[in-house]
Amino acid sequence: MSLVLAAKRVVDADGERPDAWVRVDGDTIVEVGAGTAPTGAVRADVLLPGFVDLHCHGGGGASFTSADPDQIARAATTHRAHGTTTMHASLVSADYDDLIAQIRALIPFVDDGTLRGIHLEGPWISPSYCGAHDPLTLRNPDPGDVARVLDAGEGRIGMVTLAPELPGALEAVRSIVDAGAIAAVGHTAADGDAARAAVDAGATVATHLFNAMPPLLHRDAGPVGVLLADSRVTCEVIGDGVHLEPDVVALALSAAHGRGALVTDAMSAAGAGDGDYRIGPLEVVVRDGVARLRDGGSLAGSTLLMDSAVRRAVRLAGRSLDEASTAASLAPARAMGLADRGRLAVGQRADVVALDEDLRVMRVLRGGEWA
Ligand SMILES: [Zn+2]
């Protein structure tokens with residue numbers, strides 16, 4: 001199928017082209033032009049490259065932890081309708097047998113392209129910074145257990161978040177990278193040196209920078225300062241205005257300088273409204289779009305969708321739209337090792353989000369097909 005999309009603003013990490021258009025043939029962008037669009041063009045106010053979400057637990061009332069194909073499909077479809085064309089499905093800490101069953105249920109969705117990969121957030125994380133993870137399921141990364149879980153993924157594990165200060169964690173980082181997955185530092189009590197050691201061992205992502213880790217202080221950079229300053233690391237930023245205040249989103253995206261990645265860290269309530277939900281075995285209450293554990297009130301993921309994260313980065317955090325696009329598309333695509341997406345340029349996969357002037361999604365093209 002050949003198709004032209006035209007807009008008043010065509011924006012990606014390379015900047016903004018006024019009155020421009022993008023021609024798609026099959027699943028690929030074959031031409032980008034400016035000026036009068038060819039006849040028959042589909043029109044929008046803004047075109048952005050498809051969004052790439054490194055960290056997402058569910059949406060549309062459905063959860064990736066459910067091991068239920070209908071729920072997995074619904075969660076992915078919900079995010080796709082809001083512009084996400086490439087995503088990890090994130091699993092929270094669980095007992096190994098449960099986790100492996102959840103992994104197996106997700107594998108077909110990686111194979112059919114619905115998901116880019118599976119993100120294991122735990123169970124090798126710090127009990128002191130476990131957020132909305134069930135503390136009873138946390139483990140040290142014993143090499144045999146790490147191998148068993150990675151093997152269960154059969155190459156479809158895309159990312160593993162772990163705390164580098166745990167015994168065996170650096171060996172686990174090397175095993176994760178050898179298995180073709182991203183090792184990510186998060187839910188950690190690490191000091192700056194421990195965070196740096198993880199990066200030296202091969203870790204390349206900071207899981208929701210600032211959240212669930214010791215803070216940045218002016219005489220103690222801690223994991224936040226070390227990960228933000230290290231050019232090898234992509235820093236996840238939850239841009240919902242709740243996990244981080246907008247000035248901190250602005251600070252992180254500026255300081256990361258092209259390595260900041262907007263993530264949703266969405267739970268099942270994203271796109272589904274307030275109410276009572278669960279994350280793994282824990283009860284979660286969502287009020288005014290904010291998800292908290294019923295016990296203790298810890299933040300329990302977000303209800304964010306990627307188009308909303310982009311709007312908030314622009315409106316609340318004062319980022320330019322090309323900077324927001326870098327964080328929503330190019331930086332996370334690079335972190336995943338995907339050179340074929342993240343930009344609106346010739347040769348890129350035809351992942352295009354068409355938005356109105358208020359940056360609300362009108363239509364989503366994914367791999368050259370309307371989602
Ligand atoms: Zn988390």
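Remember, predicted model here, so these are calculated numbers, not experimental data. All residue numbers refer to positions in the sequence shown, counting from 1. Ligands are counted one by one from 1 in listed order, and the atoms in each one are counted from 1 as well.
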Practice task
Tell me whether I157 is reachable from I182 by hopping between hydrophobic residues (I, L, V, M, F, W, Y) whose side-chain heavy atoms are closer than 4.5 Å.
Solution key: no
Problem - Between H79 and T84, a side-chain donor and acceptor under 3.5 Å - result: no
Handout entry: Between CG on residue D307 and CG on residue L262, distance to nearest 0.5 Å
Key = 11.5 Å
Exercise for the section: Taking only Lys NZ, Arg NE, NH1 and NH2, and the carboxylate oxygens of Asp or Glu, determine whether R294 and D276 approach each other closer than 4.0 Å. Expected result: yes
Exercise for the section: Decide yes or no on salt bridge (Lys or Arg N to Asp or Glu O under 4.0 Å) for D111 and R156, but give the supporting numbers first. Expected result: CA-CA 8 Å; D111 290 347; R156 279 76 156 195; 2.8 Å; yes
Exercise for the section: Determine the minimum heavy-atom distance between V263 and L304, stating which atoms define it. Expected result: O-CD2, 3.8 Å
Completion exercise
Under 2.8 Å from the Zn ion (ligand 1), the protein N, O or S atoms found are E121 OE2, H187 NE2, H208 NE2
